[in-house]
Number of protein chains: 2
Amino acid sequence: MTCLLKMRAMREQMSVNERKLADFILDNTKLLRDYSSQQLADAVGVSQSSVVKFSQKLGYKGYPSLKLAVYESYAGGISSPVGGDDAPLPFGGANTPLSELGQKKLEVLENTAGINDLEHLRAAVKAIRNARCIQVSACDGSVSVAQYLTYQLLELGCWAVFDQGGMLQRSMVDSLGEEDMLCIICDMHGEESLVEAANHAREKGIKVLSLTRYNYNAASIHADIRLYVMPSEEEQPLQRLLFRSGQLHLIESLVSGLLVAEQ
Amino acid sequence: MTCLLKMRAMREQMSVNERKLADFILDNTKLLRDYSSQQLADAVGVSQSSVVKFSQKLGYKGYPSLKLAVYESYAGGISSPVGGDDAPLPFGGANTPLSELGQKKLEVLENTAGINDLEHLRAAVKAIRNARCIQVSACDGSVSVAQYLTYQLLELGCWAVFDQGGMLQRSMVDSLGEEDMLCIICDMHGEESLVEAANHAREKGIKVLSLTRYNYNAASIHADIRLYVMPSEEEQPLQRLLFRSGQLHLIESLVSGLLVAEQ
DNA sequence: TGGTAGAAGAATACATTATTCAATCAACCA
DNA sequence: TGGTTGATTGAATAATGTATTCTTCTACCA
């Protein structure tokens, strides 16, 4: 602790710049770990030499010494309690609600990855690659995810359109041809609106890719390629959040597949 | 402990010089604190470049990273267990349900979760809750993520607006007041455009929340609350993908925080 | 008004770290 | 045996990071 304490103690007798440095370090102790003297200087808005002089004024040989001292001083503050923290703390540290989220998310991700055949993922990637246009349709709860997918596809050079309000659903499907593709995204509810579109598309020979919850979802039945998210057992609001994590994970898998295929 | 354990574990598959280095470090862990790569090289009787290469082979960016890792690992105290108490490291690969992408993603998520103080996350959640309007601005590469965040916020009843093209940036900030908030999102590049907006906002007393890459990002310097994503070491296209995973994870953390706070 | 001390940054000297490249060595194999 | 491949190594050097010097500026004071 000494080093940080010293800084706090001397704060009053410091010059303006020195105080700025001290404050920054006290506020962002962890960051220092990977800051060079120049980076710290930029972050605080002083010159690199001021950083060095500051270090020396505090009694260290130079900046690296200060850095180490700060680090030691800081690490001393962390109690490393009760044995088993060997696996570099899964998501976020202590048992906060946030790290708990990390655990649950991991579970969903693993389950989701587990139920989707590599085959199907590959097929989806191939279909996307070959499609001329891709229409993305989603249920109400999956709008944000659908937008995200659409944007990624556009970035990759795929001609994708997201049907925001569902108004255009029917007429857009009408304008698609055989070389095109419809991607339907759905979470726990509201698949009804998608079924018709999917059906209609299939009749016209348009490939349909579905991204729905695992285990019976009316929308997926009408799809050529089906990808699934395994929902968590959580109660409502968190479940939605986690479900989206799963959806996003699938999307990331697709994108990564497309990236590889590109080369 | 991971770092020293890893060294011990890999000892058998090392070349002569590498093993000499590993042995020396394991025997003289404390000394490393004040050794430069050259000093370590001399002490062991190898060339300086071998020391650097050794560090990189173990998965660190360079010698300083190794040094820090060893130091951290050592500071963690002495733990007893002999047997395999940690994740399969090198070739083992094992049948994790997660794909290779999944593994990398997990790494980014863990790192990202690790570098953000719970404090800061909480502060961000609180600020969002208290804000009247939230403007979301992003660099080019983070548009999709920003859209996603905006949508989630709207869903939660927060009045959020995403400034798609950056055209409105300045005028929108102008129309914000003290009770409002600006959220800037940035990945590896293109932070320049955000700095001015952030600065301007701050001058007007508007809270600024940044969501940027860890370790030096000009945009984050001008923010009141800073959240970071730890980028992966991957090469370009995958790195982007993984970086977004990290960004999304932070967003999910925020959303989950907001959900909890709501009750 | 001029002198002095302290603080700050630009330029630069110095030190450390990372990379490139060529030499060496071991393993494999026709 | 001799040739080929791939890994390992260190010397030279490029790149990056740190410390010093020197100059400028400001505040204070006689």
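Side chains included, hydrogens not; waters and symmetry mates left out as well; all remaining heavy atoms used. Residue numbering restarts at 1 for every chain, and letters A, B, ... go by the order of the sequence lines.
- Remark: B:Ala131 pairs with B:Ile134, B:Met181 by the side chain to side chain contact (heavy atoms under 4.5 Å, CB included) rule, at least two apart or across chains.
- B:Phe243 and B:Thr212 make their closest contact through CZ-C, 4.3 Å (heavy atoms, listed as atom of the first residue, atom of the second, distance).
- The list of salt bridge (charged side-chain N to carboxylate O under 4.0 Å, His left out) pairs with a residue in residues 21-36 of chain B, not counting sequence neighbours, reads A:Glu72-B:Arg33, B:Arg11-B:Asp23.
- For B:Val255, the side chain to side chain contact (heavy atoms under 4.5 Å, CB included) partners two or more places apart in sequence, or in a different chain, are A:Leu241, B:Gln152, B:Leu156, B:Ile251, B:Leu259.
- A:Thr112 pairs by the side chain to side chain contact (heavy atoms under 4.5 Å, CB included) definition with A:Val108, A:Asn116, A:Val229, A:Met230, A:Leu250, not counting sequence neighbours.
- Listed by first and then second residue, the salt bridge (charged side-chain N to carboxylate O under 4.0 Å, His left out) pairs involving residues 180-189 of chain B are B:Arg132-B:Asp180 (not counting sequence neighbours).
- If you check residues 21-30 of chain B against DNA chain D, you find no residue with a heavy atom closer than 4.0 Å.
- The outermost nucleotides of DNA chain D lying under 4.0 Å from heavy atoms of chain B, listed 5' to 3', are D:dT8 to D:dA11.
- More than 12 non-hydrogen atoms from other residues, nucleotides or ligands lie less than 6.0 angstrom from NZ of B:Lys105.
- Between the side chains of B:Glu203 and B:Asn199, not a single donor N or O lies within less than 3.5 Å of an accepting N or O.
- Using a 4.0 Å heavy-atom cutoff across all strands shown, A:Val46 reaches sugar-phosphate atoms only and no base atom.
- Sorted by first then second residue, the side chain to side chain donor-acceptor pair (under 3.5 Å) pairs that include residues 58-68 of chain A, not counting sequence neighbours, number zero.
- Not counting sequence neighbours, A:Thr29 has no partner by the side-chain hydrogen bond (donor to acceptor under 3.5 Å, both in side chains) test.
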Between the protein and nucleotides 12-19 of chain C, list every N/O to N/O distance that falls short of 3.5 Å.
from: C:dT17; atom 1: OP2; to: B:Ser37; atom 2: N; distance (Å): 2.7
from: C:dT17; atom 1: OP2; to: B:Ser37; atom 2: OG; distance (Å): 3.0
from: C:dA18; atom 1: OP2; to: B:Tyr63; atom 2: N; distance (Å): 2.8
from: C:dA18; atom 1: N7; to: B:Gln48; atom 2: NE2; distance (Å): 3.1
from: C:dA18; atom 1: N6; to: B:Gln48; atom 2: OE1; distance (Å): 2.9
from: C:dT19; atom 1: OP2; to: B:Gln56; atom 2: NE2; distance (Å): 2.5

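- Applying the side-chain hydrogen bond (donor to acceptor under 3.5 Å, both in side chains) test to B:Lys126 and every residue at least two apart in sequence or in another chain returns nothing.
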Using nucleotides 22-26 of chain C, report all nitrogen or oxygen pairs with the protein that are shorter than 3.5 Å.
none

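- Around atom CG of B:Asn130, more than 12 heavy atoms belonging to other residues, nucleotides or ligands sit under 6.0 Å away.
- Interatomic distance, B:Tyr148 OH to B:Arg244 CZ, rounded to the nearest 0.5 Å: 14.0 Å.
- Note: CG (A:Asn17) to C1' (C:dG6) measures 13 Å, nearest angstrom.
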